[in-house]
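Shown next, in structure tokens, is the structure this report addresses.
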Amino acid sequence: QQPVQSPQAVILREGEDAVINCSSSKALYSVHWYRQKHGEAPVFLMILLKGGEQKGHDKISASFNEKKQQSSLYLTASQLSYSGTYFCGTEWAGASGTYKYIFGTGTRLKVLA
Amino acid sequence: ETGVTQSPTHLIKTRGQQVTLRCSSQSGHNTVSWYQQALGQGPQFIFQYYREEENGRGNFPPRFSGLQFPNYSSELNVNALELDDSALYLCASSRGGTGYYNEQFFGPGTRLTVL
């Protein structure tokens with residue numbers, strides 16, 4: 001089961017804030033966040049490595065609650081350039097202990113002028 | 001610093017054929033991961049190569065295979081193509097292997113259409 005993101009989609013006006021959540025049914029040891037614009041490859045935003053860690057980049061920040069197996073991405077004073085689909089991602093061990101990388105279900109975000 | 005490159009950009013094949021996609025990793029990166037992204041879906045992990053060895057694999061059949069070369073570039077081979085293989089194939093490079101530091105940089109992708 002891949003991490004579930006909420007909301008599935010959100011529409012904002014420029015300058016508004018948004019929160020995107022990522023919840024996992026399995027233990028999370030790290031969380032990565034990406035943004036993918038239509039027709040382009042995903043772009044890495046940030047990585048959170050331990051519980052409680054918060055990171056920020058310009059007006060985009062994220063938190064990671066290891067106990068709740070959740071991460072949240074915060075977009076403050078959104079800009080038109082923030083439009084795209086946001087994915088969380090994490091590394092899991094498969095049934096035999098092999099490495100797997102799993103993306104979340106995705107959140108489509110559109111910022112209107 | 002050269003980014004991740006992929007070739008070809010687009011490809012059209014017919015069912016049953018075989019295809020090879022190529023990826024050059026970013027300078028200084030020794031790990032390459034391959035993903036399949038169907039239209040409107042998120043990327044699905046196919047496998048990862050670290051220092052020329054397969055390091056992990058997603059839920060893809062054996063007809064999806066790969067290679068990593070000493071210069072850390074990589075190939076994805078798909079045999080006996082099926083219509084459902086039509087997708088954008090992305091490769092991503094990163095430093096290190098399994099672990100928590102996989103800041104992945106994606107290439108632009110190869111759009112494969114199977115008719």
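What you are looking at is a predicted structure, and each value in this text was computed from that prediction instead of being measured. Chain A is the first sequence line, chain B the second, and so forth, proteins listed ahead of strands; every chain is numbered from 1.
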| query | Are A:L80 and A:I60 in one and the same hydrophobic cluster, where Ile, Leu, Val, Met, Phe, Trp and Tyr link if side-chain heavy atoms are under 4.5 Å apart? | reply |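 Hydrophobic grouping puts A:L80 with A:I60.
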| said: Starting from A:I47, can I reach A:Y99 by hopping between I/L/V/M/F/W/Y residues whose side chains sit under 4.5 Å apart? | reply: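 Both belong to a single hydrophobic cluster.
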| Applying salt bridge (Lys or Arg N to Asp or Glu O under 4.0 Å), which residue pairs with at least one partner in residues 21-41 of chain B are found, sequence neighbours left out? |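 The answer is B:R22-B:E75.
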| field | Test of ring centre spacing under 6.0 Å for A:Y101 and B:F47 | value |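 Centroid distance A:Y101-B:F47: not below 6.0 Å, so no.
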| Ring center gap for B:F106 and A:F44 short of 6.0 angstrom |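 For B:F106 and A:F44, the ring centres are not under 6.0 Å apart.
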So for atom [atom1], which belongs to [X], do other residues, nucleotides or ligands contribute more than 12 heavy atoms lying within a distance under 6.0 Å?
| X | atom1 | value |
| --- | --- | --- |
| A:R108 | CZ | no |
| A:K68 | NZ | no |
| B:N59 | CG | no |

| message | Assess the residue pair B:E103 and A:M46 against the criterion (side chain to side chain contact (heavy atoms under 4.5 Å, CB included)); give the C-alpha distance rounded to whole Å, side-chain angles, the decisive distance to 0.1 Å, and a yes or no. | response | CA-CA 8 Å; B:E103 180 177 334; A:M46 64 187 76; over 6 Å; no
| Any side-chain heavy atom of A:F87 within less than 4.5 Å of one from B:P43? |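 With C-beta onward as the side chain, the pair touches.
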| query | Does the side chain of A:F103 reach to within under 4.5 Å of the side chain of B:Y35, using non-hydrogen atoms? | reply |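 SC-SC contact between A:F103 and B:Y35 confirmed.
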Please report the interatomic distance [atom1]([X]) to [atom2]([Y]), rounded to the nearest 0.5 Å.
| X | Y | atom1 | atom2 | result |
| --- | --- | --- | --- | --- |
| A:K100 | B:Q44 | NZ | CD | 10.0 Å |
| B:F45 | A:W92 | CZ | CH2 | 13.0 Å |
| A:E40 | B:L88 | CD | CG | 11.5 Å |

| field | Top of A:G106, A:P42, A:A41 for chain B proximity - count of heavy-atom pairs under 4.5 angstrom | value |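 Heavy-atom pairs under 4.5 Å are most numerous for A:P42.
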| said: Can you tell me which portion of B:E54 sits under 4.5 Å from chain A's heavy atoms? Options are side chain, backbone, both or neither. | reply: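 For B:E54, there is no contact with chain A at all, as no heavy atom is under 4.5 Å.
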| All side-chain hydrogen bond (donor to acceptor under 3.5 Å, both in side chains) counterparts of B:R63, not counting sequence neighbours |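 Residues passing side-chain hydrogen bond (donor to acceptor under 3.5 Å, both in side chains) with B:R63: B:E82, B:D85.
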